[in-house]
Amino acid sequence: SFINKFSIDNINSSIWRSMCQRILPSEKTKIYHERYHEKIIQFDHIKGQEFKGIMNYLCEKTGGNIHDNGTIKIDSNSICNNECLPRNLVDYQSNNYYYSNNDENTSVCFDFKDKKVQLKSYSIKSFNNFSNGSHLKNWVVEVSKDKNNWIVVDEHLDDSTLNDANVVATFNTENSNDFYRYIQIRQTGTNWQNDYQMIFYYIEFYGILKYS
């Protein structure tokens, strides 16, 4: 539009300087782009490598448990004791596990802080317990930008997939085409032992990680 309407005969020194200022980036613009430059890494689930996703990457990148070193925050509204903490869910090289009290609506929340995740799938390893024990049966996975408004991206009712010892299973998510700071797994009913204890070894997320 500018080329079609503007004639070179109309250009004087003042107009030329204005054009140069608009075309060339200022120092402020350069700083802005550097400050808000973001890295984006995609993690696809590979069968047989169920715990080589986003959180394992962050553990390796930071050299330790990502809750302990402050990379992300993992908390729960129900914890059985000081050994069965939710931070154990990313200790992929150990036999530690997370174990809740017998509380309804138990949840574990993952706060990625300055990072964002577009969740596509997740993997869980069940506890070393007998069939029809305290294995997940009814649950949802939710995402949020502010920890107040949650979107359910996966839901399971009377699901027997994890109803045995040391089962590793991967579940795809839906309605997750945006980036979110928080991911939460929440129990929505009884487990296979018909109480509300939630216990499992690991969880891992797949999708796209965005961070500065």
Side-chain angles (χ1 to χ4, degrees), residues 42-60 65-67 72 74 76 78-80 84-100 102-110 112 117-144 150-177 180 182-209:
Q42 182 166 335
F43 296 84
D44 296 321
H45 166 249
I46 300 174
K47 189 173 182 179
Q49 298 182 26
E50 278 72 19
F51 302 101
K52 295 289 185 179
I54 291 172
M55 293 193 291
N56 182 70
Y57 165 80
L58 292 173
C59 285
E60 292 183 345
N65 184 290
I66 49 178
H67 172 80
I72 73 170
I74 310 173
S76 173
S78 180
I79 300 172
C80 181
C84 303
L85 300 171
R87 50 88 64 201
N88 295 341
L89 293 172
V90 296
D91 272 348
Y92 303 118
Q93 306 305 318
S94 76
N95 289 321
N96 295 330
Y97 54 89
Y98 163 71
Y99 193 11
S100 79
N102 190 16
D103 298 323
E104 294 187 49
N105 214 36
T106 293
S107 63
V108 179
C109 181
F110 301 82
F112 285 84
V117 174
Q118 185 180 112
L119 184 63
K120 296 299 182 183
S121 63
Y122 62 98
S123 298
I124 291 177
K125 181 177 180 179
S126 69
F127 186 60
N128 184 22
N129 201 350
F130 51 85
S131 178
N132 294 326
S134 300
H135 300 299
L136 283 167
K137 179 180 181 181
N138 302 284
W139 77 93
V140 296
V141 169
E142 304 166 305
V143 293
S144 175
W150 293 93
I151 299 172
V152 174
V153 294
D154 192 41
E155 183 173 11
H156 296 266
L157 299 172
D158 297 330
D159 191 326
S160 61
T161 304
L162 296 167
N163 186 23
D164 211 340
N166 301 306
V167 174
V168 175
T170 300
F171 307 90
N172 295 324
T173 61
E174 299 178 355
N175 305 317
S176 184
N177 295 320
Y180 297 91
Y182 302 93
I183 301 175
Q184 177 172 272
I185 180 168
R186 179 168 57 86
Q187 192 165 242
T188 56
T190 58
N191 57 32
W192 283 100
Q193 189 171 275
N194 203 34
D195 62 30
Y196 295 99
Q197 292 177 321
M198 186 161 71
I199 178 172
F200 57 102
Y201 280 118
Y202 315 132
I203 190 168
E204 176 63 289
F205 299 125
Y206 289 89
I208 303 174
L209 174 66

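Note that the structure is predicted; figures quoted are calculated from it, not measured.
- Of the candidates Tyr97, Tyr98, Tyr92, Tyr92 is the only one forming a ring-ring contact (aromatic ring centres under 6.0 Å, His included) with Tyr202.
- Within the 3.5 Å criterion, the main-chain N or O of Ala165 finds no donor-acceptor partner in the side chain of Asn128.
- Heavy-atom minimum distance, Thr190 versus Asn138: O-ND2, 2.9 Å.
- Listed for the Tyr206 side chain is a donor-acceptor partner under 3.5 Å among the backbone atoms of Glu50.
- To the nearest 0.5 Å, atom OG1 of residue Thr188 and atom CG of residue Leu157 are 6.0 Å apart.
- Of all the heavy atoms in Asn163 and Gly133, the pair that sits closest is OD1-N, 4.1 Å.
- Closest non-hydrogen pair, Ile54 versus Gly207, comes out as CD1-N, 4.0 Å.
- When atom types are taken as modelled, the side chain of Tyr99 and the backbone of Pro86 share no donor-acceptor pair closer than 3.5 angstrom.
- Using modelled atom types, no side-chain atom of Asp154 and backbone atom of Thr173 make a donor-acceptor pair closer than 3.5 Å.
- The ring pair (Phe, Tyr, Trp, His ring centres under 6.0 Å) check on Phe171 picks up Tyr122, Trp139, His156, with sequence neighbours excluded.
- Sorted by first and then second residue, the salt bridge (Lys or Arg N to Asp or Glu O under 4.0 Å) pairs with a member in residues 89-99 read Arg87-Asp91; sequence neighbours excluded.
- Within the 3.5 Å criterion, the main-chain N or O of Leu136 finds no donor-acceptor partner in the side chain of Gln187.
- To the nearest 0.5 Å, the span separating CD on Gln118 from OH on Tyr180 amounts to 9.0 Å.
- Atom CD1 of Ile183 and atom CG of Leu119 lie 4.5 Å apart (nearest 0.5 Å).
- Using modelled atom types, one side-chain atom of Ser76 and one backbone atom of Ser107 make a donor-acceptor pair closer than 3.5 Å.
- Side-chain contact check for Ser121 and His45: no donor-acceptor pair (N or O, by modelled atom type) lies under 3.5 Å.
- For the pair Ile203 and Met55, the minimum side-chain heavy-atom distance is below 4.5 Å.
- Heavy atoms only, all atoms of each residue included: Ser134 and Asp195 are closest at OG-OD1, 4.2 Å.
- Closest approach of Asn65 and Cys59 over heavy atoms only: CA-SG, 4.5 Å.
- Looking only at distances, a side-chain donor or acceptor of Glu204 sits under 3.5 Å from a matching main-chain atom of Gly53.
- Within the cation-pi definition used here (under 6.0 Å to the ring centroid, within 45° of the axis), Lys125 qualifies as a partner of Tyr201.
- With rounding to the nearest 0.5 Å, the separation of CG in Leu162 from CG in Asn129 is 12.5 Å.
- Val117 has its side chain out of reach of Phe110: every pair of non-hydrogen atoms, C-beta onward, lies at least 4.5 Å apart.
- Contact check for Val90 versus Leu58: no side-chain heavy atoms found under the 4.5 Å cut-off.
- Across all their heavy atoms, Ser123 and Phe51 have their closest contact at O-CE2, 3.9 Å.
- Residue pairs that meet the salt bridge (Lys or Arg N to Asp or Glu O under 4.0 Å) test with at least one member in residues 128-144, sequence neighbours left out, are Lys137-Asp158, Glu142-Arg186.
- Side-chain contact check for Gln193 and Asn191: no donor-acceptor pair (N or O, by modelled atom type) lies under 3.5 Å.
- Ile66 contributes atom CD1, which lies 5.5 Å from atom CD1 of Ile74 (distance to the nearest 0.5 angstrom).
- Atom CE of Met198 and atom OG of Ser78 lie 8.0 Å apart (nearest 0.5 Å).
- Although no hydrogens or angles enter the test, the distance criterion places a donor-acceptor pair under 3.5 Å between the side chain of Asn102 and the main chain of Tyr196.
- Side chain of His135 to main chain of Phe200: no donor-acceptor pair is present (N/O by atom type, distance under 3.5 Å, no hydrogens or angles).
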